[in-house]
Amino acid sequence: MTPEQQERLRSIPSVADLLNAEAVQRWLEHASRPAVVRALRDAVESVRTRILAGHGDEPFDANTVLLTAEDLLWERLVPPVRRVINATGVVLHTGLGRAPLCEAAIEAISDAAAGYCTLEYDLDSGSRGSRTRKLAELICEVTGAEAATVVNNNAAATLLILNTFARDREVIVSRGQLVEIGGSYRLPSIMTAGGAILREVGTTNRTHLRDYEDAINDRTAMLLRVHTSNFRVTGFVHTTPLEEIVKLAHRVGLLAVDDLGSGALFDLAALGLPGEPYVAESLAAGADLVCFSGDKLLGGPQAGIILGRRELIEGIEANALARCCRVDKLTLLALEATLRHYDDPAEARHAIPTLAMLDLDTDALADRARALCERFQHAVPAEHFFVCSDASYAGGGSLPGRELPTVVVQWRPGRRSVDAVLTALRHTEIPVIARIRDEGICLDPRTIQEDEHDDLVAAVASAAFADDGEATLRVLPPS
Ligand SMILES: *Cc1c(COP(=O)(O)O)cnc(C)c1O
């Protein structure tokens, strides 16, 4: 160790001294004393390590140690999942939690969460009841299905269907429908996990009925149609319609299953979004089982819904794996409250946030964009904001490639790079997730809730003034 290093080590303030710093007193209003002490101790240790490793002559006064300690404390206090403002215009953004819940769902959850509820209790008989029976009845009412069940998500729904009806047997799927849905969901892997044998037929762009027909043999259990929910193949394309797959399956005594993915409960052509398959269509085509997600176009919590013939649904519920995929009380309550809005599709369109956001027309979006633009300009007069047309997306594996016309605020940062501002926006008190177009940052009012406008203006102002180099103590914590 050099004499300089020794000198520098000696000048590191002690944890006891640091505890008296004014900033630390403020931290103690938000964090426990042991947590603050631990952060200070770790910060002192890390500065010591840097000095011993011979790292330059960087200053390491009390403020350096405090900044390090604050970063550590911040990391520990920040919840792993935080609220953000979605300014991307992607309505069902899987990374940002897909569908925001409707008010009725939030109320139902908070009513039940703090106390006990009749999750599996029958008030009439005073004995054990069914967890999903009432919800299943509501689903049948809303969709017209004969029977229904609910599981944790659509991946679980697919797994259960395959495991119940196609274990050690073949499932015929078009090569054009072997989807991967972001991250870990890949149909062939789910097939393997469920114990079914994938029999792919046709080609990437064209699969004909005779391809299915030729592949049928005595080990075949089902024909599976999968909605290609997050991509679109155009050009020389042929997809076998579900009705034809169903007819063929039934002619030879096999099951026809439709993995619908996004699960629109009515024809979204009514929202100016034609072409997205919907549940009643699949049932009308005669599919024996239909499955889809609760948190995509349905606009509810994460869940997987399976519809179909009663004896098939009973078979699924009798599978031991069903117990491993069951929904909790919060999901159940949120889903039920969301589904109640579908009694009246007109009500669903404005009460369910996902549908309401898809439903916004360019006039309404332009009004919001202009109002936001004015507020940004007022908050940060030195920066350049303007309103322009752009495209939003449904996202979350629905309406692939379909652009929804929107009107956004574009911000062309004058002092800093677009990337630096985008990063700064992700690190404001309520993080803002936005996207880049041309040389600017696009903020799409379609996915920005109206009660988030104040927070958004504050975030934009803070990102505009944030300086890249100089670190300052933050105000703890993010709430
Ligand atoms: C989204 C999707 C899934 C997976 O659903 P999760 O609810 O995310 O588990 C499966 N199949 C298709 C076709 C999908 O679009």
Side-chain angles (χ1 to χ4, degrees), residues 74 78 82-97 100 272 353 356-396 399-475 478:
W74 176 279
V78 161
R82 294 171 63 185
R83 179 164 90 80
V84 299
I85 295 173
N86 175 8
T88 64
V90 179
V91 176
L92 295 166
H93 195 302
T94 297
L96 304 182
M357 286 187 264
L358 291 170
D359 206 11
L360 284 170
D361 62 25
T362 45
D363 287 343
L365 290 161
D367 285 345
R368 291 186 192 189
R370 275 193 294 266
L372 277 172
C373 189
E374 236 168 72
R375 293 190 59 186
F376 295 153
Q377 201 66 74
H378 183 75
V380 200
E383 290 286 316
H384 181 42
F385 301 92
F386 59 95
V387 167
C388 64
S389 9
D390 204 71
S392 323
Y393 296 90
L399 308 155
R402 159 81 38 73
E403 296 187 345
L404 309 166
T406 189
V407 181
V408 300
V409 181
Q410 213 183 120
W411 176 8
R412 296 272 169 95
R415 292 187 310 119
R416 318 170 63 202
S417 74
V418 167
D419 280 328
V421 172
L422 216 52
T423 305
L425 280 171
R426 288 201 307 273
H427 290 89
T428 52
E429 195 173 331
I430 313 264
V432 176
I433 316 299
R435 64 187 154 79
I436 297 180
R437 191 189 111 182
D438 305 328
E439 297 302 299
I441 291 159
C442 276
L443 301 160
D444 188 338
R446 187 186 295 277
T447 49
I448 301 165
Q449 313 300 307
E450 284 191 289
D451 61 7
E452 291 175 329
H453 284 196
D454 290 349
D455 287 335
L456 179 62
V457 173
V460 163
S462 135
F465 292 124
D467 256 314
D468 305 308
E470 210 172 299
T472 47
L473 286 176
R474 279 179 293 212
V475 184

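None of these values were measured; they are calculated from a predicted model. Sequence positions, counted from 1, serve as the residue numbers for this chain.
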To the nearest 0.5 Å, how far apart are [atom1] in [X] and [atom2] in [Y]?
X      : Y      : atom1 : atom2 : value
Leu96  : Thr88  : CG    : OG1   : 6.0 Å
Leu425 : Leu443 : CG    : CG    : 7.0 Å
Phe376 : His453 : CZ    : NE2   : 8.0 Å
Ile85  : Ile433 : CD1   : CD1   : 9.5 Å
Asp361 : Leu404 : CG    : CG    : 12.0 Å
Arg437 : Asp444 : CZ    : CG    : 11.0 Å

State, with a plain yes or no, whether a side-chain heavy atom of [X] is found less than 4.5 Å away from one of [Y].
X      : Y      : value
Phe385 : Gln410 : no
Arg426 : Val84  : no
Leu372 : Val460 : no
Trp411 : Val380 : no
Val90  : Arg435 : no
Asp367 : Val407 : no
Ser462 : Glu429 : no
Glu383 : Val421 : no

On a heavy-atom basis, which atom in [X] and which in [Y] lie closest, and how many Å separate them?
X      : Y      : result
Val457 : Ala379 : CG1-CB, 3.9 Å
Val408 : Cys442 : CG2-SG, 4.0 Å
Val432 : Ala87  : CG1-CB, 4.1 Å
Arg82  : Val78  : CD-CG1, 3.2 Å
Ser392 : Thr406 : OG-CB, 3.1 Å

Without swapping roles, check the side chain of [X] against the backbone of [Y] for a donor-acceptor pair under 3.5 Å.
X      : Y      : value
Arg415 : Ala464 : yes
Asp438 : Gly440 : no
Arg446 : Pro405 : yes
Arg416 : Ala463 : yes

Leu456 pairs by side chain to side chain contact (heavy atoms under 4.5 Å, CB included) with which of Ile448, Val409, Ile430, Thr428?
Ile448
Go through Met357 and Asn86 one step at a time and tell me if the side-chain contact (heavy atoms from CB on, under 4.5 Å) criterion holds.
CA-CA 12 Å; Met357 286 187 264; Asn86 175 8; over 6 Å; no
